[in-house]
Amino acid sequence: MRPAPPTPRPAAASTPLTWLYVPGDRPEVVAKALGCTADVVVVDLEDAVAPDRKEHALRATAELLADPRPGRSPVHVRVNALDGPLAETEIRTLAALPGLAGLRLPKVQSPADVQRAADWATTAAGPVARHLPHDAEGAVRPAGHALAGRLAPPPTATGAGTATLAPAAAAPTSALPATPALYALLESALGIEHAFAIATAHPALRGIALGEADLCGELGVRDDAGLAWPRGRTVVAARAAGLAPPPQSVYPDVHDLEGLARSCAEGRALGFLGRAAVHPRQLPVIEAAYLPSAEEIAAARETVRAATAEGGGALALPDGRFVDAAVVAGARRVLELAERRH
């Protein structure tokens, strides 16, 4: 018996095309990012932060996310490696904060990694009284509660205390926090091999993406040709799991905007949707590359109009194009993206 296709996950209120990474230990840079045009701001606690700045970065990020509306864009946080010593504290500290829209999980290699992160997130420090929807992400988020109690002062020999980032013991409560939206980053050969299993590992998983820098290092890949299969595998796994198309990995040269545009065009042809960025100057190039052209919009409108007039089923347009339900669905996605031009 053929298995039933997965049910598509709830879609975000608007389709993100740009994901801007900013270092979590530099609050002034984060503040600037929150005022720019990125669809999602990703506060990075991992690669962008030196080891001796990790605790400072977590503290600053927790303070930011204590605000239910920290900026004009949803805020995600990339935590440190799940098999390292920092991720559990980071996830437990941040997961129930009202300003958090998503957690990005680096170097995911198996479904167990996602499940472990989800377990940490749903046992985040502090009680949760009720739930509120997060309109930008389409996920149900817990209401916020004060940061106090997360940064619990440990006792000292003199009885004084200094704040640490160890999660405080949660008060007894029957209301568990909802799991925040999770996003798995595939950055290893093993992660790519397990792509579909990872993409279906937990209901809170809202997307997967490729981390190409680490993957290139592991595989010894020197150019884009060696990434063709991992890229295609990531796109197929996401769509097979009912997830949105993944965004492309970061284009590392922030000065080469022409190269960025060409790379985005290639990524769009492979089925990616949007891209991660490391500098605001990359954002308009990414958005322009992924928004449909006037010709694509006109063709999509004709397809939807013809399908609506015929009342469903397959049909042939006057120019000879064959149209079925899948083609119509693609046309509707084009028109959804086209609305961003207005």
Side-chain angles (χ1 to χ4, degrees), residues 6-21 33-34 36-42 69 71-78 100-104 133-141 180-185 199 203-210 231 234-251 260-261 263-277 280 282-301 303-304 325-342:
T7 302
R9 312 289 176 88
S14 61
T15 303
L17 293 182
T18 52
W19 311 70
L20 179 61
Y21 277 81
L34 290 171
C36 74
T37 59
D39 294 328
V40 177
V41 171
V42 182
R69 298 287 178 181
R72 60 185 291 177
S73 302
V75 178
H76 290 202
V77 177
R78 179 168 71 171
L100 180 72
L103 288 169
R104 302 187 76 77
H134 192 292
D135 57 7
E137 281 299 303
V140 175
R141 295 289 304 121
L182 304 177
Y183 296 79
L185 304 180
L205 192 80
R206 301 296 297 278
I208 61 173
L210 194 60
R231 288 171 174 170
T234 303
V235 171
V236 171
R239 302 305 285 149
L243 300 172
Q248 278 185 276
S249 187
V250 165
Y251 189 82
L260 171 62
S263 177
C264 287
E266 293 167 358
R268 186 181 177 200
L270 288 173
F272 288 97
L273 183 62
R275 188 162 203 163
Q282 296 178 312
L283 302 179
V285 178
I286 295 169
E287 182 166 289
Y290 273 97
L291 286 177
S293 66
E295 292 78 10
E296 290 171 319
I297 294 170
R301 285 175 176 161
T303 297
V304 172
V327 174
V328 174
R332 294 189 190 279
R333 287 195 296 270
V334 168
L335 296 180
E336 177 190 349
L337 283 173
E339 293 178 0
R340 294 172 58 108
R341 289 191 176 275
H342 304 301

Discussion item. With rounding to the nearest 0.5 angstrom, report the SG to CD distance, Cys264 to Gln248.
Written reply: 5.0 Å
Item to complete: Return the orientation label for the His76 and Trp19 ring planes: parallel under 30°, perpendicular over 60°, tilted otherwise.
Response: perpendicular
Worksheet item: Charged N to carboxylate O under 4.0 angstrom, Asp39 versus Arg340?
Response: yes
Discussion item. Distance check, rounded to the nearest 0.5 Å: Ile286 atom CD1 versus Leu291 atom CG?
Written reply: 11.5 Å
Fill in: Inter-residue atom distance Arg332.CZ - Leu337.CG, 0.5 Å rounding
14.5 Å
Practice prompt. Just jot down the salt bridge (charged side-chain N to carboxylate O under 4.0 Å, His left out) partners of Arg275, sequence neighbours excluded, or say none.
Written response: none
Item to complete: Indicate the atoms forming the closest heavy-atom contact of Ala199 with Ala241, along with that distance.
Response: CB-CB, 3.6 Å
Fill in: Main-chain N/O of Ala209 paired to Thr234 side chain as donor or acceptor, under 3.5 Å
no
Worksheet entry | Sub-4.5 Å side-chain heavy-atom contact between Phe272 and Pro247 | no
Worksheet item: Got a donor-acceptor contact below 3.5 angstrom from the Tyr290 side chain to the Arg268 backbone?
Response: yes
Response to the item:
For Val327 and Thr303 the tightest heavy-atom approach is CG1-CG2, 4.1 Å
Worksheet item: What is the distance from atom OG1 of Thr15 to atom CZ of Arg333, rounded to the nearest 0.5 Å?
Response: 10.0 Å
Item to complete: Return the minimal non-hydrogen interatomic distance between Ala38 and Leu283, and the atom names on each side.
Response: N-CD1, 3.7 Å
Discussion item. Return the CG to CD1 distance between Leu182 and Ile208, rounded to the nearest 0.5 Å.
Written reply: 13.5 Å
Worksheet item: Is Glu287 reaching over with its side chain to a backbone N or O of Pro284, donor-acceptor style, under 3.5 angstrom?
Response: no
Discussion item. Within this structure, what is the CG-CZ distance for the pair Leu185 and Arg78, rounded to the nearest 0.5 Å?
Written reply: 6.5 Å
Worksheet item: Between the side chain of Arg239 and the main-chain N/O of Leu243, is any donor-acceptor distance below 3.5 Å?
Response: yes
Discussion item. Applying side-chain contact (heavy atoms from CB on, under 4.5 Å), can you list everything that pairs with Val285, at least two apart in sequence or on another chain?
Written reply: Leu257, Leu260, Ala261
